[in-house]
Amino acid sequence: SIIEPFLKFLTESRSFFMVNIYPMYLSKHITQAMDFDFILMQPNEGLDDPRTRLRYFNLFDAMIDAVYTAMATLNYSELQVVVTETGWSSKENGEDAAIYKDNVINRVLNRIGTPMK
């Protein structure tokens with residue numbers, strides 16, 4: 001696998017694993033268990049991850065922790081993940097884009113981490 005040597009290089013060079021997180025792409029596949037507020041980071045009841053037993057209140061956090069979980073499976077749990085890009089298409093729905101953007105900015109300004117980290 002190409003990912004293991006890449007993770008090893010990032011670890012040895014004390015770098016970060018950089019990801020782009022776009023919950024809007026999954027918004028078209030909403031299930032009964034996942035409401036739209038969960039995707040937009042609006043108040044909601046949250047979802048429990050049966051594997052980790054952590055409760056998630058937004059898809060952004062769940063996607064980041066999925067990356068951490070995958071890296072931990074390969075024994076790279078100490079490598080830090082940095083979100084380099086996220087967003088919501090204003091062409092799809094400008095109101096949803098504004099809500100998502102405001103909620104992301106709020107998380108950054110308040111240094112809110114994921115349930116796992």
Side-chain angles (χ1 to χ4, degrees):
S1 157
I2 193 167
I3 194 71
E4 288 187 70
F6 181 62
L7 294 175
K8 182 179 180 185
F9 168 76
L10 292 175
T11 300
E12 289 174 351
S13 63
R14 297 184 183 160
S15 190
F16 306 99
F17 189 76
M18 297 177 216
V19 296
N20 297 340
I21 302 290
Y22 283 95
M24 67 172 261
Y25 293 126
L26 296 177
S27 69
K28 296 173 183 161
H29 306 286
I30 297 172
T31 66
Q32 286 181 324
M34 186 187 312
D35 66 21
F36 208 63
D37 288 334
F38 183 81
I39 296 170
L40 288 176
M41 296 188 203
Q42 294 290 85
N44 64 81
E45 293 180 16
L47 294 173
D48 293 322
D49 180 341
R51 182 168 185 249
T52 62
R53 297 184 181 162
L54 296 171
R55 181 173 276 271
Y56 288 90
F57 293 95
N58 63 74
L59 187 55
F60 181 86
D61 285 349
M63 292 172 77
I64 294 169
D65 282 354
V67 173
Y68 275 116
T69 299
M71 291 189 322
T73 301
L74 298 172
N75 296 315
Y76 288 95
S77 58
E78 299 304 315
L79 187 58
Q80 288 188 357
V81 172
V82 174
V83 177
T84 53
E85 186 175 301
T86 190
W88 197 282
S89 173
S90 59
K91 291 180 183 177
E92 295 274 330
N93 182 320
E95 185 178 326
D96 290 343
I99 291 168
Y100 181 78
K101 173 193 61 94
D102 290 345
N103 287 331
V104 169
I105 290 170
N106 181 52
R107 294 181 60 73
V108 171
L109 292 177
N110 290 298
R111 298 178 176 247
I112 299 171
T114 69
M116 191 174 285
K117 294 289 180 171

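None of the values given here were measured: they were computed from a predicted structure.
Atom CD1 in Ile99 sits 8.5 Å away from atom CG in Asp37 (nearest 0.5 Å). Here the CD1-OG1 distance, from Ile21 to Thr84, works out to 8.5 Å after rounding to the nearest 0.5 Å. Rounded to the nearest 0.5 angstrom, Leu59 CG and Phe36 CZ are separated by 10.5 Å. Thr114 OG1 to Asn58 CG: the interatomic distance, rounded to the nearest 0.5 Å, is 9.5 Å. Note that the CZ atom of Phe60 and the OH atom of Tyr22 stand 11.0 Å from one another [nearest 0.5 Å]. Taken from CD1 in Ile3 to CZ in Phe17, the straight-line distance is 4.5 Å, to the nearest 0.5 Å.
Using modelled atom types, one side-chain atom of Asn44 and one backbone atom of Phe57 make a donor-acceptor pair closer than 3.5 Å. A side-chain donor-acceptor contact under 3.5 Å links Arg55 to the backbone of Glu45. Of the possible polar contacts, one joining the Asp49 side chain to the Arg51 backbone as a donor-acceptor pair under 3.5 Å is found.
Applying the side chain to side chain donor-acceptor pair (under 3.5 Å) definition to pairs two or more places apart or across chains, those involving residues 96-106 are Gln42-Asn103, Thr86-Tyr100, Asn93-Asp96, Asn106-Asn110. For residues 58-77, the pairs satisfying salt bridge (charged side-chain N to carboxylate O under 4.0 Å, His left out) are Asp61-Arg107, with sequence neighbours left out. Sorted by first then second residue, the salt bridge (charged side-chain N to carboxylate O under 4.0 Å, His left out) pairs that include residues 76-88, not counting sequence neighbours, number zero.
Residues satisfying the ring-ring contact (aromatic ring centres under 6.0 Å, His included) criterion with Tyr68, sequence neighbours excluded, are absent altogether.
Using a 4.5 Å heavy-atom threshold, the side chains of Met71 and Val81 count as touching. Inter-residue side-chain proximity for Tyr56 and Met63 is flagged as unmet; no heavy-atom pair is nearer than 4.5 Å. Put simply, the side chain of Val104 does not reach to within 4.5 Å of the side chain of Trp88, judged on heavy atoms.
Chaining together hydrophobic side chains whose heavy atoms lie under 4.5 Å apart places Ile105 alongside Leu109.
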Please output the side-chain donor-acceptor pairs of residues 6-13 that fall under 3.5 Å, not counting sequence neighbours, one pair per line with the distance.
unit_1 : atom_1 : unit_2 : atom_2 : d
Thr11  : OG1    : Leu7   : O      : 2.9
Ser13  : OG     : Phe9   : O      : 2.8
Ser13  : OG     : Leu10  : O      : 3.3

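The hydrophobic clustering, which links ILVMFWY residues whose side-chain heavy atoms are closer than 4.5 Å, places Met116 and Leu74 together.
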